[in-house]
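This report refers to the structure that appears directly beneath it.
Both counts, for ligands and for their atoms, begin at 1 and track the order of listing. Residues: numbered from 1 along the sequence shown.
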Amino acid sequence: MGVVISVANHKGGVGKTTTTVNLGAALGRLGMKVLLVDADPQANATRALGLKKPEKSLYQVLAFQDDIRTAIHGGDAFDLIPSSVHLAGFEKNNDVGKEFILQEAFADIKDHYDFILIDCPPSLGALTISALTASDYAVIPLQSEFLALQGMTDFIKILRTVKTRMNKELDLLGIVVTQFDHRKVLHRDIYEHALQTYGDAMFGTMIRGNVALAESQSVGQHIFEYDHTCNGATDYLDLANEILKRLNISVPVSS
Ligand SMILES: Nc1ncnc2c1ncn2[C@@H]1O[C@H](COP(=O)(O)OP(=O)(O)O)[C@@H](O)[C@H]1O
Ligand SMILES: [Mg+2]
């Protein structure tokens with residue numbers, strides 16, 4: 001049974017898409033069968049993986065309840081359900097119980113994957129709620145910048161509400177600091193403060209600022225294709241290993 005993880009934070013630019021894509025690729029390198037789901041109408045993950053105008057996307061699954069299997073695009077490192085700009089309409093429609101459609105759709109494919117990672121949009125609308133309702137865990141990227149911790153409290157409240165009202169299975173898997181620069185006092189202060197506030201929920205792995213992570217997206221590759229020796233590749237592999245450890249999942253001997 002696959003573990004479903006939403007990579008979520010209602011703030012934009014904190015590293016959700018970068019984390020979803022490269023954590024997915026890292027888990028794939030560790031022998032896990034991975035599906036990425038791009039749930040952001042901006043389709044940054046879809047584009048970051050070089051998929052231009054996919055015929056089928058998450059939109060058809062959520063809007064028309066098309067068979068989710070028909071929206072899966074197979075890849076080497078992982079499979080992908082792409083996004084489409086039309087997904088924005090899902091935020092606005094009034095369909096009763098629409099936040100449960102994704103959870104129901106996953107029931108048909110959960111057995112085929114070890115991990116399903118969802119890249120959430122930078123909002124607290126129906127798409128993020130749908131993703132959290134369909135998830136076992138949330139991973140929250142936290143950008144090392146001034147005021148980053150303020151939004152975190154609000155987001156954790158939302159997680160609690162979704163757990164109470166929509167999905168009892170939902171838990172916080174962890175908070176990961178992104179774009180970290182250990183030479184900057186502000187970054188070290190933010191990590192220390194986050195550690196004091198959230199304790200064990202903080203991942204020990206920090207994703208360092210690494211220009212290769214941004215460059216790889218502009219050429220439609222994940223970081224292991226672009227440069228498997230860079231800090232970004234090392235950090236996301238460390239994060240993948242830390243997540244497997246937290247979930248008590250052992251890595252197959254062959255990888
Ligand atoms: N660790 C990092 N080092 C350098 N650039 C990064 C890193 N993580 C993300 N970025 C860049 O920061 C920007 C925002 O990241 P992104 O993953 O798109 O955030 P979100 O999905 O939360 O909006 C992108 O241009 C991305 O390439
Ligand atoms: Mg994004």
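Within a 4.0 Å radius of atom 23 (O) of ligand 1, the protein contributes one or more non-hydrogen atoms. Inside a 4.0 Å radius of atom 13 (C) of ligand 1 there is not any protein heavy atom.
Atom CZ of Arg188 has more than 12 neighbouring heavy atoms from other residues, nucleotides or ligands inside a 6.0 Å radius.
Within the 4.0 Å heavy-atom cutoff, Gly15 counts among the residues contacting ligand 1. Distances shorter than 4.0 angstrom occur between a heavy atom of Ile207 and an atom of ligand 1.
Among protein heavy atoms, atom 15 (O) of ligand 1 sits closest to Thr18 OG1, 3.7 Å. In this structure, atom 18 (O) of ligand 1 lies nearest to the protein heavy atom Thr17 CB, 3.9 Å. Nearest protein neighbour of atom 10 (N) of ligand 1, counting heavy atoms only, is Gln179 NE2, 3.7 Å. Considering only non-hydrogen protein atoms, atom 27 (O) of ligand 1 sits nearest to Gln217 OE1, 3.0 Å.
Under 3.5 Å, the side chains of Glu242 and Thr205 contain a donor-acceptor pair of N or O atoms. Using modelled atom types, one finds a donor on one side chain and an acceptor on the other under 3.5 Å when comparing Gln60 with Ser57. Using modelled atom types, one finds no donor on one side chain facing an acceptor on the other under 3.5 Å when comparing Gln179 with Ser144.
In this structure, the ring of Tyr59 has its center less than 6.0 angstrom from the ring center of Phe64.
Every atom of ligand 1 is numbered from 1 in the order shown, and the set under 4.0 Å from a heavy atom of Ala214 is 27 (O). The atoms of ligand 1 that sit less than 4.0 Å from any heavy atom of Val14 are 19 (O), 20 (P), 22 (O).
For the pair Lys11 and ligand 1, the shortest N or O to N or O distance does not fall below 3.5 Å. Residue-to-ligand polar distances keep Thr178 apart from ligand 1: every N/O pair is separated by 3.5 Å or more. Annotation: Gly13 places an N or O atom under 3.5 Å from an N or O atom of ligand 1; distance criterion only.
We find that Asp189 and Lys184 are not joined by a salt bridge, their nearest charged nitrogen and carboxylate oxygen being 4.0 Å or further apart. Taking 4.0 Å as the cut-off between side-chain N and carboxylate O, Lys16 and Asp119 do not count as a salt-bridged pair.
Under 4.0 angstrom from ligand 1, the non-hydrogen atoms of Arg208 all belong to its backbone.
A cation-pi geometry, defined here as NZ or CZ lying under 6.0 Å from the six-membered ring centre and within 45° of its normal, does not hold between Lys33 and Phe115.
Within the set Asn210, Thr19, Val7, the minimum heavy-atom distance to atom 5 (N) of ligand 1 is found for Asn210.
Side chains of Leu239 and Phe203 form a contact here, defined as non-hydrogen atoms less than 4.5 Å apart.
For the Mg ion (ligand 2), the set of nearby N, O or S atoms under 2.8 Å includes one belonging to Thr17.
Taking CG from Asn9 and OG from Ser123, the interatomic distance works out to 11.0 Å, rounded to the nearest 0.5 Å.
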